[in-house]
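Working notes, structure below.
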Amino acid sequence: MRYSTYFIHTLFETPKEAETPSHIFLLRGCYIYPVAAGVYSLLPLGHRVAEKIKNIIRDELNAIAGLEITMPVLNPAELWKKTKRYFDIGQELIRFKDRKDREFVLAMTNEETVTDIAKHFLRSYRDLPVMLYHIQTKIRDEARPRGGLLRIREFFMKDAYSFHRDFEDLDAYYPRIFNAYLRIFARCGLNSIPIEADSGIMGGTGSHEFMLESPNGEDRFVVCTHCDYRANTEKAEGVKSTRDESIEAPPPREKIATPGVKTIADLVQCFGAGEADFLKTVAYDADGELVLAVIRGDYAISTAKLTNHLKAVHLDLASEELLAARGLHAGFLSPVGIKGTRMVMDTSIGKRDLFVAGANEIDMHYKNVLFGRDFEIDEKADIAEVREGDACLKCQQGSLRIGRGIELGHTFKLGTKYTAPDSMDVTYLDPAGEQKRVIMGCYGIGVERLMASVIERWHDDSGMIFPITIAPFQVAIVAIGKNPAVVDAAEKLYEQLSSRYEVLYDDRDESAGVKLKDADLLGFPIRVVISQKLLKENNVEMKIRKTGEVIICAQHALEATVEQIAEKLQPTLEGLPYMAE
RNA sequence: CGGGGCGUAGCGCAGACUGGUUAGCGCACCUGCCUUGGGAGCAGGGGGUCGGAGGUUCAAAUCCUCUCGCCCCGACCA
């Protein structure tokens, strides 16, 4: 491809809306163009990268018997009502009516349509297992798009769905998709970290997120310093030390006036004690029901864990009205004396810990509150946010470090969420002629986010550094000067290399500086330079973008050298944290 | 949805506080000359409803009200 006839308009200055490296360079390099908040066009360079990523995904999924299909974005609302997602999902799901007043939604994933296909066609155990996937536009009205391509409202997602005879078969299949994911990210040049993810009802090893550790990521996960425990903070659990003070004769509960003292920080100041000496009670509105969550003062409540524990669809802080209806007051809440209200207690509270707690009366607290004596709660669960430095629950030896990362992909053992009788009701006949329920898994990867993540990982001050597997062009040729001999030689090299590689030949009448800077910005893995000086010795120069290494070689040896370098730049698939198949 | 910031040429900015010629600068773009190893030089040129609406005024990019858009932090995120 000749630069002069291609579509590249690089920017010297950074558009002010861009802050993260991938966003800055994608805009400056003319890979993308914004259309609206969180909506982008992919320009020729960006399009090429996206297509290459898609092809890697296809390659790996086809290798594990995945079958590519295409399902529509436009879905009848009826289908989404069957699975109840129509009601469970908030405003991210775009709903509208067609000209005949029929309700539609814009699919944000395709569980409904794919399960409908499964229900229609899969009848016998002989039809299972099967994995169907597609790479299709997804539309989500995100509350806050951010970071350029990192979180957008319309994007390509590869979503795959597998159907199985039973859980054993799903368990047997799962490592194949897990390992394919590791290979996909590795082939894109990324070292992904699989972490245990919040899997709602499934539990166990039912769900993994594949993270790229990055300061610009919006997810948090824990990593054990000692063992291989890695988990999303929404699920991660650390060891909690209950104090269990050995009090022979616990002092009696005592009421104390605490005017205006509402938060744990206020209490710490007022009582001159540590955060762990207080009982924190937070009131939630769980699908309309008032729930009190009780935790030790030095922990924060994880709304994700609490939501899962309660199996709630929507969880919000309780409104003043909801509290007032029970005669309760935020800031002075406690489980002491509460009856007829659902309460959940975190495992951080020990049987023998003395606490300061609210008195459920404005401006009043209790001292010396003891679980089992001053209040009772049957429902005990881990609802605490894990903390940096907490001991690892799995190995009991390491401590937990909290990392920030970008979620590249998600694998999920769905089970019967969509095939259940109260959902889409999908069954098959087993060899004995018995009707059995189909078991499902689903697996997703966001294409644009993956592209942006690669740049987050691979860039320097000058620009992007694409892995050779997904670079829009593997080789850039820069001719310096207009000397006919140089131009002639460059044309020849271009022709020669084009037969085996994707080459961008910078044939513009631009100064050397401009061309070299552009080649750096755009991130081509191998740069070939031809100039008068080099030509005199019958040489050409090659520079490896990733390492900065410069190689001068004889013109006739160019092709062989490029091949050598290209080979060296291939990512390795050895040593990934594969799951045993 | 809460908090903060910004809207003037394709991009980056000045002008606004203190209203007043024809709204300016750099980059990019077009023409010509010249130049070619790290974002050259000279000369000429095109491009603006100052985000939008309403108001104040003899006069509004500038002051007031409303509104729309974009970015960042947080909440939220099948």
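Just the heavy atoms: all of them, side chains too, but no hydrogens, waters or symmetry mates, feed the values below. By convention in this document, chain letters (A, B, ...) are assigned in the order of the sequence lines, proteins followed by strands, and residues within each chain are numbered from 1.
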Aromatic A/Phe221 / basic A/Arg230 pairing, under 6.0 angstrom, 45° off normal:
no
Length of the CD-P vector between A/Glu234 and B/A75, whole Å:
11 Å
Ignoring hydrogens and angles, state whether a donor on the side chain of A/Asp507 or A/Ser4 is under 3.5 Å from an acceptor on the partner side chain.
yes
I want to know whether A/Tyr6 and A/Tyr505 have ring centres closer than 6.0 Å.
no
Taking the six-membered ring of A/Phe155, is the NZ or CZ of A/Lys138 close enough (under 6.0 Å from the centre) and on axis enough (within 45°)?
no
Under 3.5 Å side-chain donor-acceptor pair for A/Ser162 and A/Tyr443
yes
A/Arg146 side chain, from C-beta outward: closest of B/C71, B/A40, B/C72:
B/C72
Can you see whether A/Tyr299 has A/Arg387 sitting over its ring - NZ or CZ less than 6.0 Å from the centre and within 45° of the normal?
yes
Watson-Crick or G-U wobble partner of B/G47, both distances under 3.5 Å:
none
Have A/Tyr418 and A/Arg85 got a donor and an acceptor in their side chains that come within less than 3.5 Å?
yes
Taking any strand in view, what nucleotide pairs with B/C27 in a Watson-Crick or G-U wobble way, both distances under 3.5 Å?
B/G10
Taking B/G26 as the reference, what is the distance to B/U8 when you measure between their C1' atoms (whole Å, please)?
15 Å
Using the P atom as the point on both nucleotides, what is the distance between B/A59 and B/C72, in whole Å?
41 Å
Could you please name the option among B/A78, B/C70, B/U36 that lies closest to any side-chain atom of A/Ala36?
B/C70
Sort out the partner of B/U65 for me: Watson-Crick or G-U wobble, both distances under 3.5 Å, none otherwise.
B/A53
Using whole Å, report how far CD of A/Glu92 lies from P of B/A75.
15 Å
For B/U35, does the base pair up with any side-chain atom of A/Lys482 as donor and acceptor (N or O, under 3.5 Å, distance only)?
yes
Donor + acceptor pair across side chains of A/Asn216, A/Glu456 (<3.5 Å):
yes
Pairwise C1' distance, B/C1 and B/G47 [rounded to whole Å]
41 Å
By nearest nucleotide on RNA chain B, pick out whichever of A/Met157 and A/Gly148 is the more 5' one.
A/Gly148
B/U35 versus B/A40 - spacing of their C1' atoms, nearest Å:
7 Å
Touch class at under 4.0 angstrom, heavy-atom based, for A/Val529 against every strand present
base
Using the C1' atom as the point on both nucleotides, what is the distance between B/G54 and B/G15, in whole Å?
25 Å
A/His208/A/Tyr174 aromatic ring centres below 6.0 Å:
yes
Between B/G39 (C1') and A/His9 (NE2): distance, integer Å
17 Å
Given the P atoms of B/C30 and B/C66, what is the spacing between them in whole Å?
45 Å
Pick base, sugar-phosphate or nothing for A/Ala143, based on heavy-atom distances below 4.0 Å to the nucleic acid.
base
Nearest to the side chain of A/Arg144, heavy atoms from C-beta on, is which of B/G74, B/A78, B/G38?
B/G74
If you only use heavy atoms from C-beta on, which nucleotide in B/C71, B/G38, B/C76 is closest to the side chain of A/Tyr40?
B/C71
In whole angstrom, what separates A/Lys517's NZ from B/C27's P?
17 Å
Rounded distance in Å - CG (A/Leu27) to P (B/A28):
19 Å
Starting at CG of A/Asp141 and ending at C1' of B/C1, how long is that distance when rounded to a whole Å?
13 Å
How far does the P atom of B/A60 sit from the matching atom of B/C11, given to the nearest Å?
27 Å
Residue A/Ser511, side-chain atoms from C-beta onward, closest of B/A40, B/A78, B/G37:
B/A40
Under 4.0 Å, heavy atoms only, any strand: does A/Asp88 hit a base, just the sugar-phosphate, or nothing?
nothing
Mind checking the C1' distance from B/C6 to B/C50? Whole angstroms is fine.
15 Å
With heavy atoms under 4.0 Å as the rule, sort A/Glu111 into base, sugar-phosphate or nothing.
nothing
Rounded to the nearest 0.5 Å, what separates atom OG in A/Ser462 from atom CG in A/Leu521?
8.5 Å
Looking across every strand, which nucleic acid part, if any, lies under 4.0 Å from A/Asn483 by heavy atom: base, sugar-phosphate, or nothing?
nothing
My understanding is that a pair needs two contacts under 3.5 Å, Watson-Crick or G-U wobble. By that rule, which nucleotide pairs with B/G2?
B/C73
Using a heavy-atom cut-off of 4.0 Å across all strands, would you classify A/Arg527 as base, sugar-phosphate, or nothing?
base
Can you give one letter per nucleotide of nucleotides 6-13 of chain B, 5' to 3': B if a protein heavy atom sits under 4.0 Å from the base, S if only from the sugar-phosphate, - if neither?
S----BSS
Can you find a pair of side-chain heavy atoms, one from A/Phe156 and one from A/Thr137, that are under 4.5 Å apart?
yes
A/Tyr86 ring centre to A/Arg95 NZ or CZ under 6.0 Å, with the angle to the axis within 45°?
yes
Assert: residue with more 5' nearest nucleotide on RNA chain B, out of A/Lys515 and A/Gly38, is A/Lys515
Going by the angle between their ring planes, with limits at 30° and 60°, are A/Phe473 and A/Phe524 parallel, tilted or perpendicular?
perpendicular
Starting from C1' on B/A40, measure out to CZ on A/Phe12 and report it in whole angstrom.
13 Å
Whom does B/U18 pair with, Watson-Crick or G-U wobble, provided both distances fall under 3.5 Å?
none
When the distance from CD1 of A/Ile139 to P of B/A78 is rounded to whole Å, what number comes out?
18 Å
Residues in contact with RNA chain B, drawn from residues 532-553 of chain A - heavy-atom cutoff 4.0 Å:
A/Leu534, A/Glu541, A/Lys543
Any base atoms under 4.0 Å from A/Gly147, or only sugar-phosphate, or nothing? Heavy atoms, all strands.
sugar-phosphate
